[in-house]
Amino acid sequence: METRLAAETIRSELKLTKDFLDNPIDLKLPVIPPFKGNGDIRLVILGQDPTIRNENSRRRISCTLNLDRRNALRTYIERICCELNISIENIYATNLFKYFYTLSPAKTMHVLRSHLQPNLDLLIQELSEYKNVPVISLGEPVLQLLTDDRTKVREFWDYDLTTKASGNHFRYSKASDNQLKTDLFPFPHQPSLRKIFYKDNLVDYIKFFKNNKQ
């Protein structure tokens with residue numbers, strides 16, 4: 001089944017779950033399609049969901065991560081691409097949850113966990129077309145859903161709580177250690193780049209990613 005139709009089916013079925021009212025899915029808006037560049041796909045970017053607090057702003061979202069528009073997030077992704085010697089046209093970006101919630105989903109993680117399995121199954125099927133393409137995740141909630149509730153992005157970037165710096169002993173989530181069953185490289189979401197730690201270590205982690213992706 002085509003990804004959009006499958007996501008719509010999942011959304012329709014989830015409205016019958018017992019925790020639906022804890023964070024209702026916005027059924028008025030369409031599911032959000034992935035962003036797919038026009039070139040050879042060499043990088044998959046995985047976001048969590050398209051939800052933002054303002055309902056009117058939600059209506060203006062028509063593509064995963066808003067990558068069809070010039071904005072701070074696209075600039076961030078283009079910087080990653082530049083360091084990898086690829087372009088935005090080599091990107092496939094999709095969300096784990098492809099529909100809008102009413103509230104910020106990260107504030108109702110129990111709902112996301114309850115709704116995870118059908119969306120995860122769809123994502124695995126969706127990415128099967130890109131089996132040999134490396135995957136990066138954006139932000140903490142999606143990482144925690146795919147690995148462990150307490151996992152922090154900074155742990156993969158070798159953050160030292162004492163010095164608040166990195167020893168550059170970077171790592172990634174191996175396929176055997178996450179539910180996506182593929183190597184997963186955690187990146188902070190764009191707003192976190194305001195933190196000095198991520199800003200200072202971004203290029204080095206991209207180099208690590210480049211040297212370790214399969």
Side-chain angles (χ1 to χ4, degrees), residues 32 34-37 41-52 63-67 69 71-98 104-106 109 112 120 123 126-127 130 132-160 164-175 177-214:
I32 297 302
F35 172 88
K36 184 177 181 180
I41 299 303
R42 297 172 60 187
L43 178 65
V44 169
I45 299 177
L46 179 59
Q48 178 187 296
D49 65 90
T51 305
I52 55 176
C63 175
T64 295
L65 301 177
N66 257 346
L67 290 181
R69 300 181 182 181
N71 50 52
L73 179 53
R74 177 167 171 139
T75 298
Y76 173 37
I77 298 303
E78 288 180 330
R79 182 179 180 189
I80 294 173
C81 289
C82 182
E83 294 291 339
L84 296 173
N85 298 316
I86 62 176
S87 80
I88 198 79
E89 298 301 334
N90 302 118
I91 296 297
Y92 182 86
T94 191
N95 286 318
L96 175 54
F97 301 92
K98 304 181 193 312
S104 174
M109 287 293 285
L112 296 187
L120 176 61
L123 179 63
E126 179 185 8
L127 297 187
Y130 308 103
N132 298 317
V133 179
V135 180
I136 70 175
S137 61
L138 286 184
E140 220 136 75
V142 65
L143 175 64
Q144 292 173 344
L145 286 164
L146 295 175
T147 56
D148 183 273
D149 292 349
R150 294 161 297 189
T151 305
K152 302 288 187 182
V153 172
R154 68 190 187 193
E155 295 171 12
F156 293 88
W157 290 45
D158 193 27
Y159 180 76
D160 187 308
K164 297 185 178 180
S166 173
N168 292 330
H169 299 300
F170 300 131
R171 62 190 182 93
Y172 59 91
S173 176
K174 295 182 179 179
D177 296 332
N178 66 68
Q179 295 196 63
L180 197 56
K181 303 305 178 187
T182 189
D183 290 347
L184 186 65
F185 292 79
F187 276 68
H189 217 311
Q190 181 272 327
S192 292
L193 288 184
R194 291 192 294 262
K195 298 178 180 178
I196 294 175
F197 172 77
Y198 287 123
K199 187 182 299 184
D200 287 350
N201 289 283
L202 177 61
V203 172
D204 285 338
Y205 192 81
I206 294 173
K207 288 179 180 176
F208 167 78
F209 165 67
K210 188 175 182 179
N211 291 333
N212 287 274
K213 61 186 176 65
Q214 298 299 317

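Atoms considered below: every heavy atom in the structure, side chains included; atoms not considered: hydrogens, waters and symmetry mates.
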- With sequence neighbours left out, the residues meeting side chain to side chain donor-acceptor pair (under 3.5 Å) with Thr182 are none

- Using the test side chain to side chain donor-acceptor pair (under 3.5 Å), find all partners of Arg74 that sit at least two apart in sequence or belong to another chain.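 Side chain to side chain donor-acceptor pair (under 3.5 Å) check on Arg74 returns Glu78.
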
How many angstroms lie between [atom1] in [X] and [atom2] in [Y], if you round to the nearest 0.5 Å?
X: Asp204; Y: Asp158; atom1: CG; atom2: CG; result: 11.5 Å
X: Leu180; Y: Leu145; atom1: CG; atom2: CG; result: 12.0 Å
X: His169; Y: Arg171; atom1: NE2; atom2: CZ; result: 12.5 Å
X: Ile32; Y: Phe97; atom1: CD1; atom2: CZ; result: 15.5 Å
X: Cys81; Y: Ile206; atom1: SG; atom2: CD1; result: 9.0 Å

Is any side-chain heavy atom of [X] closer than 4.5 Å to a side-chain heavy atom of [Y]?
X: Ile80; Y: Ile136; value: yes
X: Phe170; Y: Phe156; value: no
X: Leu43; Y: Val135; value: no
X: Ile86; Y: Ile91; value: yes
X: Thr94; Y: Leu46; value: yes

- Query: Of all residues at least two apart in sequence or in a different chain, which pass the side-chain contact (heavy atoms from CB on, under 4.5 Å) check with Ala106?
  - Reply: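 side-chain contact (heavy atoms from CB on, under 4.5 Å) list for Ala106, sorted by chain: Ser104, Pro141.
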
- Query: Can you check side-chain hydrogen bond (donor to acceptor under 3.5 Å, both in side chains) on Thr147 and Asn178, steps first, answer last?
  - Reply: CA-CA 5 Å; Thr147 56; Asn178 66 68; over 6 Å; no

- List the steps and the verdict of side-chain hydrogen bond (donor to acceptor under 3.5 Å, both in side chains) for Tyr198 and Gln190. CA-CA 10 Å; Tyr198 287 123; Gln190 181 272 327; over 6 Å; no

- Query: Ion pair present between Lys152 and Glu140, side-chain N to carboxylate O less than 4.0 angstrom?
  - Reply: yes

- Query: So, Glu89 and Arg42, do they make that salt bridge, N to O below 4.0 Å?
  - Reply: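 Salt bridge between Glu89 and Arg42, a charged N being under 4.0 Å from a carboxylate O: no.
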
- How close do Val203 and Arg79 get, heavy atom to heavy atom, and via which atoms?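 Minimum heavy-atom separation between Val203 and Arg79: CG2-NH2, 3.5 Å.
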
- Query: Can you name the closest pair of heavy atoms from Leu65 and Ala93 and give their distance?
  - Reply: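 Residues Leu65 and Ala93, closest heavy atoms: CD1-CB, 4.1 Å.
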
- Item | Any donor-acceptor pair under 3.5 Å from Asn211 side chain to Lys207 backbone | yes

- Message: Please identify which of these residues, Leu96, Leu112, Asn95, Leu138, meets the side chain to side chain contact (heavy atoms under 4.5 Å, CB included) condition with Gln48.
- Response: Leu112

- Item | Derivation of the salt bridge (charged side-chain N to carboxylate O under 4.0 Å, His left out) call for Glu126 and Lys98 | CA-CA 12 Å; Glu126 179 185 8; Lys98 304 181 193 312; 2.8 Å; yes

- Query: Looking at Tyr172 versus Phe209, is the centre-to-centre ring distance below 6.0 Å?
  - Reply: no

- Query: Parallel, tilted or perpendicular: which describes the rings of Trp157 and Phe197, with under 30° parallel and over 60° perpendicular?
  - Reply: tilted

- Task: Would you please say whether a donor-acceptor pair under 3.5 Å links the side chains of Glu83 and Tyr205?
- Result: no

